[in-house]
Amino acid sequence: MHERRTVFSITASALLLSLVIPVKAEASMYRFTDEDGQLVISNTIPQPATQRGYDILNSNGRVIETIPPAPTEDEITAREAEKQRQKELSIQREKDALLLKRFSHPDQAIKAMHRKLDELRGLIQLKRGNISVISSQLDSEQSRAADMERTGQKIPDTTLEKIRRLESQIRDIEREISWQTQEIDSLKQSYEQDIERLERVTGETRTLTLDPDNSDN
């Protein structure tokens, strides 16, 4: 009876160990095409063959995984180009969505452009008027200084300083006019691009002229 228990214990222990100790997995095989175009099955695979793609086989010779060929330089370039194209399309869609929030028809953008250009041109006109006023003051001060110089009088420092200040004011305003003139050109170009894009996105054609002098606001 004791011997039976001993045999049973040894058998049970062996069975338990067989369940715990993992069976060593068999090495995978590879199927690939060599440089001569011949199909090869081996337990190793050379590096050049991995670039052409290969199959991983189990012990029964069945394909368990297929590794595709590495992309060529042309394919990589094409993928990058497509990725960039998709990125640009996404950016354009976002811009279109923002544009449609501002305007639903090209004519709305034209009217907005006319209003903005009129504002800037009005500011430029005011600045030109300021230059005329300052120029008159400058002419008066310069004439007074010239008269003093002709009669041998010393021109006061305050007069010379006022002349310099008036000249500086004129230069500053002229620079502002130059900047705003450039802003008008840039603004008009930007609006015209938006108007053209709106025609494409909405399928609507503008009915107003881009020339603000001939528009009906």
Side-chain angles (χ1 to χ4, degrees), residues 77-78 80-217:
T77 300
E80 291 299 321
E82 177 62 18
K83 187 186 299 183
Q84 181 63 27
R85 190 181 74 87
Q86 292 297 330
K87 180 180 179 181
E88 291 173 356
L89 285 175
S90 177
I91 293 173
Q92 186 61 60
R93 283 192 290 268
E94 291 178 2
K95 289 182 178 179
D96 290 343
L98 292 174
L99 183 60
L100 289 172
K101 285 183 179 180
R102 296 170 59 200
F103 311 111
S104 60
H105 193 281
D107 285 349
Q108 290 181 339
I110 293 176
K111 290 180 179 180
M113 178 184 71
H114 290 168
R115 287 193 297 269
K116 189 63 178 178
L117 294 179
D118 287 343
E119 290 176 5
L120 291 174
R121 288 175 177 141
L123 289 174
I124 289 176
Q125 193 62 32
L126 287 175
K127 292 181 187 297
R128 294 192 189 281
N130 291 339
I131 288 178
S132 296
V133 173
I134 297 172
S135 295
S136 296
Q137 296 175 3
L138 179 59
D139 289 342
S140 177
E141 293 298 328
Q142 288 175 334
S143 296
R144 185 179 299 110
D147 291 341
M148 290 180 177
E149 198 170 34
R150 280 193 297 269
T151 59
Q153 299 180 57
K154 184 179 183 301
I155 302 174
D157 291 340
T158 54
T159 299
L160 294 174
E161 176 60 28
K162 186 173 183 180
I163 290 173
R164 286 192 292 269
R165 178 166 48 81
L166 292 172
E167 289 174 339
S168 178
Q169 288 177 354
I170 291 174
R171 287 194 298 269
D172 289 343
I173 296 175
E174 286 176 340
R175 278 195 293 268
E176 291 176 4
I177 290 175
S178 177
W179 293 335
Q180 288 183 325
T181 300
Q182 294 176 13
E183 184 180 357
I184 285 176
D185 294 338
S186 177
L187 183 70
K188 187 175 181 182
Q189 182 179 3
S190 177
Y191 265 103
E192 287 177 354
Q193 291 174 352
D194 286 345
I195 292 164
E196 182 179 351
R197 186 63 188 174
L198 279 167
E199 288 183 315
R200 292 184 182 181
V201 174
T202 64
E204 301 286 349
T205 303
R206 64 178 184 266
T207 63
L208 302 178
T209 178
L210 296 176
D211 184 358
D213 294 332
N214 298 324
S215 65
D216 181 15
N217 292 321

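Keep in mind that this is a model prediction, so the values were computed, not measured. Side chains are part of it too, since the values below use all heavy atoms of this structure and drop only hydrogens, waters and symmetry mates.
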Does atom [atom1] ([X]) have a neighbourhood of more than 12 heavy atoms from anything else shown, all under 6.0 Å?
X      : atom1 : result
Arg200 : CZ    : no
Arg128 : CZ    : no
Glu192 : CD    : yes

Discussion item. Checking Gln189 against Gln193 for the side chain to side chain contact (heavy atoms under 4.5 Å, CB included) test, could you report, in this order, the C-alpha distance in whole Å, the side-chain angles of both residues, the deciding distance, and whether it holds?
Written reply: CA-CA 6 Å; Gln189 182 179 3; Gln193 291 174 352; 3.9 Å; yes

Return all side-chain donor-acceptor pairs below 3.5 angstrom for residues 152-163, not counting sequence neighbours, or 'none' if the list is empty.
unit_1: Gln153; atom_1: NE2; unit_2: Thr151; atom_2: OG1; d: 2.9
unit_1: Glu161; atom_1: OE1; unit_2: Arg164; atom_2: NH2; d: 3.2
unit_1: Lys162; atom_1: NZ; unit_2: Glu141; atom_2: OE2; d: 3.2

Fill in: Gln169 vs Asn130, side chain to side chain contact (heavy atoms under 4.5 Å, CB included): CA-CA, chis, key distance, verdict
CA-CA 10 Å; Gln169 288 177 354; Asn130 291 339; over 6 Å; no

Discussion item. Whether Asp118 and Arg115 form a salt bridge (side-chain N of Lys/Arg under 4.0 Å from carboxylate O of Asp/Glu) is what I want to check.
Written reply: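 Salt bridge: no.
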
For the [atom1] atom of [X] and the [atom2] atom of [Y], what is their distance to the nearest 0.5 Å?
X      : Y      : atom1 : atom2 : answer
Ile177 : Asp172 : CD1   : CG    : 11.5 Å
Leu138 : Ile131 : CG    : CD1   : 12.0 Å
Trp179 : Glu176 : CH2   : CD    : 6.5 Å
Gln108 : Ile195 : CD    : CD1   : 11.5 Å
Gln180 : Leu187 : CD    : CG    : 11.5 Å
Thr205 : Asp107 : OG1   : CG    : 9.5 Å

Using modelled atom types and a 3.5 Å cut-off, is there a donor and acceptor pairing between side-chain atoms of [X] and backbone atoms of [Y]?
X      : Y      : result
Glu199 : Arg206 : yes
Ser186 : Gln182 : no
Ser90  : Gln86  : no

Worksheet entry | Residue pairs passing the salt bridge (Lys or Arg N to Asp or Glu O under 4.0 Å) test where at least one lies in residues 84-95, sequence neighbours excluded | Glu82-Arg85

Item to complete: Could you walk me through whether Leu100 and Thr202 pass the side chain to side chain contact (heavy atoms under 4.5 Å, CB included) test, one step at a time?
Response: CA-CA 9 Å; Leu100 289 172; Thr202 64; 3.8 Å; yes

Item to complete: Report yes if the side chains of Ile170 and Glu174 come closer than 4.5 Å at any heavy-atom pair, otherwise no.
Response: yes

Worksheet item: Is a side-chain donor-acceptor pair under 3.5 Å present for Gln92 with Asp96?
Response: yes

Worksheet entry | Step-by-step side chain to side chain contact (heavy atoms under 4.5 Å, CB included) determination, Leu99 to Val201 | CA-CA 10 Å; Leu99 183 60; Val201 174; 5.8 Å; no

Worksheet entry | Considering all heavy atoms, the nearest Leu210-Lys188 contact |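 In this case the closest contact between Leu210 and Lys188 is O-CE, 4.5 Å.
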
